[in-house]
Structure formats: structure tokens, C-alpha cells
Protein chains: 2
Amino acid sequence: MEIHIENVGEYLKNSGIKPSYQRIRIFQYLVENRNHPTVDMIYKALCAEIPTLSKTTVYNTLNLFIEKKIVNVIVIEENETRYDSVMDVHGHFKCEKCGKIFDIDIDNEHLKDNRLKEFEIKEQHYYFKGICKDCANK
Amino acid sequence: MEIHIENVGEYLKNSGIKPSYQRIRIFQYLVENRNHPTVDMIYKALCAEIPTLSKTTVYNTLNLFIEKKIVNVIVIEENETRYDSVMDVHGHFKCEKCGKIFDIDIDNEHLKDNRLKEFEIKEQHYYFKGICKDCANK
DNA sequence: GTATCTGCAAAACATTTGCAATTCT
DNA sequence: AGAATTGCAAATGTTTTGCAGATAC
């Protein structure tokens, strides 16, 4: 689940997205901070460098990224939409104490052996919740 | 993933919930219609029989059910919270065309063989999206 | 110079909260 | 009567939309 993008502008262009300054910075944020951020986290982080940035643009941009399939939505929690630039199939674990979200490798071959054969699957989401190692040792 | 509840009132009482008329009808709806409904679906369906019902009560009741662990939340989709009275671990497949949600048996033993061992898991959610058999044949 | 992109303000929703009225025992 | 429950109206929070001004090619 690793991606290495030297040139974000090129990457966006190849995905059919005009690489505006805001779009580049938002995508760069997702790639550099693999923190599965909310819109608010992205907005607050980038506001420092782009004082004119609006939340509308963050929403518009993320929706464009999703449409062009370079960003995934994570809805592990009600009323907390998060975004992920890693497009490989993987799972997410959210710690109930610290709130951090961890990436989980999923061996999903075994899951295919059930009723799922009847469906044409386009998306797979694996979410787990509990207590992470660090919080358990406190 | 089958539950058979003859007496909803008793079931609620045993779960530490006072079985008011509204609570019984809402839980009954969930058990009888395994359609993973939204708040709005429950509200509209029950309004016919309980004209004075308010959405606040549906929200309050579902939150109580979740707290008492007799109902699960399904957040397969952004801005579309759904509810399920089946508490066994299982997955959900949502058809992008007809919008229907199907229950999926999950053999999750194989998933345990990865980084998940590091976490104390309390909840597991398996969501899939795509096209169901019926919609594929149209 | 024309298309597109951005960002403000308002609208649209979903959910929660405060509180008064109702219900149940 | 007393405690819990219900339901209205208002508040909150998130995401979308309309549109005017800014930007890019």
C-alpha cells in the first residue's frame, strides 16, 4: 500500500485533473500525512499556508479526487468522513481512546468464498474499532 | 445470524430497557424488516400506525438500543446511517443501482493473521459495494 | 477572451438538545 | 404524585449549491 509520487502536478494531470495550486497542496497533504484526515483537519492545516483557502474548495477538491478515483472515502464513524490517498484495498482500525486510525493489511482472498460470489464487487471496506497497543499499556 | 424473538417487550426488559409502546414498535420494525433502515425509513413506516411519533423519539430510541447493545449502526455510506438488529458479526453489500443492502457471511478467522493481532478489537465492520445479481441481469 | 476555479454566503440535511407536556405505575 | 418518556422547536454541525469575482491558458 505504498505510493511514491515525485511530482503531484503530473500525477493530477495524468488523472485528468487540472493541477491548480489548491489541488496540488490538498493532494500533497494527503500523501505526506497519511493520517486519514477529515475535511476540517485538511482545512486547518493548509489555512496557515493558504490564508484565502475556503472549506468549499476543500470539499470540491476532494469530491473531484474521489470522482477521478485518486482518493478513497473512509466512513469508519458516523458524522466523521475521512479521506485516504492510498487506493490499494486495505482495512482501517480506529482506536476508541486516542482516535488514531491505523492501516491494516487485509488478506481478502478467504472472504471471497462466500455469498459475495453472487455480487459484482467494486468496493471493499474493512473497519475495526477497539484499543490500540499504546493505549492498552496505559 | 438469525434471531427469533417471540416477545419483544420481554427482550427489551431483559436488555435493561423499559418497553414503552414506541420502543416496542421500533424494535419490532427492525426485527420484522431486515432492511437495514435509515431513521427516516423507520419514521415514515411507523407514522402510519403511530401518528404522533416524532423523529426525535426514533433517534432517542435507536441511540438507547445502541447503548444497550441490541442494535448495530451501519455506516456503509456517507450521510446515510442505517440500523441493524442482528448483532452477530457479518458483512454488508450495498448495490449501487437498487440501493438494497444484503447481509454477507464473513469468515473472519483468516483476517486475524495480520497486524490486527496488535489491537484489542471490539467491533468489526465489513462493507462491500457494487452491483447485485438482479441489477446485473437487467 | 473565454473557460475554469475559487470562495463567500445561503441553503439543505441530519442529528442533538432544551424543555414542557404527556404517560405510566 | 413522582419518575420516566415523548415530541415540538430550536440549535448544531456537516456538506452542497448559487453565484460573483479571480485566475489561468
Side-chain angles (χ1 to χ4, degrees), chain A residues 8-10 12-13 15-30 36-68 70-84 99, chain B residues 8-10 12-13 15-30 36-68 70-84 99:
Chain A
V8 170
E10 278 301 316
L12 294 182
K13 212 178 290 179
S15 307
I17 296 165
K18 279 197 190 166
S20 76
Y21 181 62
Q22 286 87 338
R23 288 169 178 176
I24 289 173
R25 300 314 312 270
I26 291 171
F27 192 74
Q28 214 161 43
Y29 177 89
L30 284 169
H36 316 89
T38 60
V39 162
D40 203 59
M41 286 164 74
I42 300 170
Y43 174 72
K44 288 210 173 95
L46 294 182
C47 254
E49 321 161 37
I50 318 171
T52 63
L53 185 68
S54 85
K55 257 187 190 175
T56 302
T57 298
V58 180
Y59 277 109
N60 287 342
T61 302
L62 289 169
N63 286 339
L64 179 66
F65 289 169
I66 290 159
E67 186 195 320
K68 298 297 185 182
I70 63 168
V71 158
N72 266 328
V73 175
I74 302 174
V75 278
I76 195 167
E77 201 87 69
E78 214 181 327
N79 62 48
E80 190 187 82
T81 308
R82 290 166 170 272
Y83 300 88
D84 194 347
Chain B
V8 170
E10 278 301 314
L12 294 182
K13 214 178 287 180
S15 307
I17 296 166
K18 280 198 187 163
S20 76
Y21 181 61
Q22 286 85 341
R23 287 169 179 176
I24 289 174
R25 299 314 312 270
I26 291 170
F27 192 75
Q28 215 161 42
Y29 178 89
L30 285 169
H36 317 89
T38 61
V39 162
D40 204 59
M41 285 164 75
I42 300 171
Y43 174 72
K44 290 211 172 96
L46 294 182
C47 254
E49 321 161 34
I50 319 170
T52 64
L53 185 68
S54 84
K55 255 187 191 176
T56 302
T57 298
V58 181
Y59 277 110
N60 288 342
T61 302
L62 289 168
N63 286 339
L64 179 67
F65 289 169
I66 291 158
E67 186 195 320
K68 298 297 186 183
I70 62 168
V71 158
N72 266 327
V73 175
I74 302 174
V75 279
I76 196 168
E77 201 85 70
E78 213 183 327
N79 61 48
E80 190 187 82
T81 307
R82 289 165 171 271
Y83 300 88
D84 194 349

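Lettering follows sequence order; numbering is per chain, from 1.
Rounded to an integer number of Å, the gap from Arg25(B) CZ to dT6(D) P is 14 Å. The separation between Phe65(A) atom CZ and dT15(D) atom P is 17 Å, rounded to whole Å. Put simply, CG on Asn60(A) is 15 Å from P on dC19(D), counting in whole angstrom units. With rounding to whole Å, Leu12(A) atom CG is found 12 Å from dC5(C) atom P. Straight-line distance from the CZ atom of Arg23(A) to the P atom of dT23(D): 16 Å, rounded to whole Å. Separating the CD atom of Glu77(A) from the P atom of dT14(D) is a distance of 13 Å, rounded to the nearest angstrom. Whole-Å rounding puts the Ile24(B) CD1 to dT6(D) P distance at 10 Å. Taking atom CD1 of residue Ile66(A) and atom P of nucleotide dT15(D), one finds them 11 Å apart after rounding to whole Å.
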Could you run down the sub-3.5 Å N/O contacts of the protein with nucleotides 13-16 of chain C?
residue : atom : partner  : partner atom : Å
dT15(C) : OP1  : Thr81(B) : OG1          : 2.9
dT15(C) : OP2  : Tyr59(B) : OH           : 2.5
dT15(C) : O5'  : Tyr59(B) : OH           : 3.3
dT16(C) : OP2  : Asn63(B) : ND2          : 3.2

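The listed nucleotides are dG7(C), dC5(C), dT6(D); the one nearest the side chain of Thr52(A) is dG7(C).
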Could you list the donor-acceptor pairs under 3.5 angstrom formed between side-chain atoms of residues 58-68 of chain A and any protein atom two or more places apart in sequence or on another chain?
residue  : atom : partner  : partner atom : Å
Asn60(A) : ND2  : Thr56(A) : O            : 3.4
Thr61(A) : OG1  : Thr57(A) : O            : 2.6
Asn63(A) : ND2  : Tyr59(A) : O            : 3.4

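Close to dT23(C), at under 4.0 Å from its OP1 or OP2, lies no side-chain N or O of Gln22(B). Contact check, Ser54(A) against dT6(C): no side-chain N or O comes under 4.0 Å of OP1 or OP2. Contact check, Ser20(A) against dT6(C): a side-chain N or O comes under 4.0 Å of OP1 or OP2.
Each of Tyr43(B) and Lys18(B) was assigned the nucleotide of DNA chain D with the nearest heavy atom; the assignment lying further toward the 5' end belongs to Lys18(B). When each of Tyr21(A) and Tyr21(B) is assigned the nucleotide of DNA chain C bearing its nearest heavy atom, the one mapping closer to the 5' terminus is Tyr21(A).
Glu78(A) has its side chain within reach of Val73(B): a pair of non-hydrogen atoms, C-beta onward, lies under 4.5 Å apart.
When both distances must be under 3.5 Å, the Watson-Crick or G-U wobble mate of dA24(D) is dT2(C).
The glycosidic torsion of dA3(D) lies more than 90° away from 0, which places this base in the anti conformation.
Remark: the backbone N or O of Val75(A) is not paired with any side-chain donor or acceptor of Arg82(A) at under 3.5 angstrom.
What you find for Tyr29(B) and Ala45(B) is that their closest heavy atoms are CE1-CB, 3.4 Å.
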